[in-house]
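So that the names make sense, note that chain A is the first sequence line, chain B the second, and so on, each numbered from 1. On a predicted model such as this, the values are computed, not experimentally measured, just so you know.
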Amino acid sequence: MVTAVTSLSRSGLSDWLVQRVTAVILLAFFGFIGFKLAGGVSYAEWSALFAQSWMKVFALLAALSLAAHAWIGMWGVFTDYLTERLMGGKGNVLRIGLQLLTSLSLVIYVIWAVQIIWR
Amino acid sequence: MLQVSIYRYNPEQDAEPSMQDFQVDTGGKDLMVLDVLELIKGQQDTTVTYRRSCREGVCGSDGVNINGKNGLACITPLSECVKGNKLVIRPLPGLPVIRDLVVDMSLFYAQYEKVQPYLQNDTPAPAIERYQSPEDREKLDGLYECILCACCSTSCPSFWWNPDRFIGPAGLLQSYRFLADSRDTATEERLARLDDPFSVFRCHGIQNCVNVCPKGLNPTRAIGHIRGMLLKRAA
């Protein structure tokens with residue numbers, strides 16, 4: 001049976017709220033990045049931008065949001081399509097395996113992002 | 001002659017389902033889809049099986065998939081659904097087929113039962129009846145009209161994938177019907193039962209339910225109200 005054991009917060013309401021809040025943060029971040037890139041930037045300007053504390057916080061916030069957003073989203077996809085109902089016992093194995101892989105990758109990406117941003 | 005293709009499956013005889021073609025003389029009239037089914041059953045093949053009762057969109061028995069869209073056969077005119085002189089009728093998607101166009105609605109009813117679709121009030125019963133202001137009564141409009149035909153829930157992909165966990169648009173519309181009722185005192189218990197990742201939150205708001213509802217109801221809006229109540233309760 002499909003359960004909530006690998007969902008981000010185990011609560012439907014909380015997952016739903018986090019999904020929406022992180023979406024707004026991601027929109028703001030990528031909107032800002034797109035705006036900066038569209039204006040044309042040199043390496044020096046780009047480097048100076050990311051040297052500022054507020055930009056580091058903003059970028060880290062975006063990285064954390066992306067991880068949470070992806071966790072919840074992929075959990076939704078996996079629990080829809082990779083289930084015992086649709087695929088038999090191997091659905092459970094496949095789903096749990098991919099969920100763990102996704103979660104692990106996201107945690108690694110966040111740590112990696114911290115390393116890049118706060119270097 | 002109208003080209004009609006009907007989903008046929010008799011589990012006692014057929015290894016797998018198939019589509020059977022019929023030619024129907026509509027006499028140039030804009031018949032309802034149910035009339036076409038009746039013509040086929042009466043004149044061409046008596047074994048074609050479907051549910052029907054009131055034939056006027058009240059009982060909700062003849063929900064079927066008509067040219068790809070769920071609807072009640074009795075109130076869907078051919079002019080609304082036929083394209084290129086072709087009419088394809090299949091059972092409601094996502095539920096087990098018992099025979100031809102008849103589906104097993106057990107999962108659908110089990111979800112309906114989960115929302116406890118009856119008035120609950122733990123205060124002493126008044127001598128005559130529980131009064132409700134016209135304003136409070138108005139809140140039930142667009143909710144109480146549901147006839148449980150299952151057109152909405154069986155057009156919902158979230159219900160297809162998790163019919164055992166996601167309550168589905170029909171059940172949630174009824175859930176909100178009692179959450180919104182000023183005479184019901186079990187609001188807290190009702191909300192507590194909905195706060196898991198599946199019951200309500202499998203809805204991703206694609207509004208297939210709104211698109212197909214033969215009564216013109218809006219389950220997505222009701223689900224939005226439930227989310228709002230859950231948020232308010234938790235905040």
Best-contacting candidate, B:P163, B:S199, B:S158, against chain A by heavy atom pairs under 4.5 angstrom: B:P163
Using the rule given for salt bridge (Lys or Arg N to Asp or Glu O under 4.0 Å), can you reason through B:D184 versus B:R190, listing the C-alpha separation, both sets of side-chain angles and the distance that settles it, and then say yes or no? CA-CA 10 Å; B:D184 192 278; B:R190 290 180 188 281; 2.8 Å; yes
Going by heavy atoms in the side chains, are A:R20 and A:L17 under 4.5 Å from each other? no
Before we go on, tell me: are the rings of B:F198 and A:W16 under 6.0 Å apart, centre to centre?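 Not under 6.0 Å, so no.
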Among residues 227-235 of chain B, residues within the sub-4.5 Å heavy-atom range of chain A, in order of number, are B:R227, B:L230, B:L231, B:A234
Taking the inter-plane angle between the rings of B:F159 and B:F108 on a 0 to 90° scale, is it parallel (under 30°), tilted (30 to 60°) or perpendicular (over 60°)? perpendicular
Should the pair A:W46 and A:F50 be assigned to parallel (<30°), tilted (30 to 60°) or perpendicular (>60°) ring geometry? tilted
B:R8 and B:D100: CA distance, side-chain angles, deciding distance, salt bridge (Lys or Arg N to Asp or Glu O under 4.0 Å) verdict: CA-CA 4 Å; B:R8 300 301 307 270; B:D100 297 347; 3.1 Å; yes
Region of A:L86 that comes under 4.5 Å of a non-hydrogen atom in chain B: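 Just the side chain, heavy atoms under 4.5 Å.
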Tell me, side chain or backbone of A:D80 under 4.5 Å from chain B's heavy atoms, or both, or neither? both
Is the NZ or CZ atom of B:R137 positioned over B:Y144's six-membered ring, under 6.0 angstrom from the centre and within 45° of the axis?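 Yes; both conditions hold, so B:R137 lies above the ring face of B:Y144.
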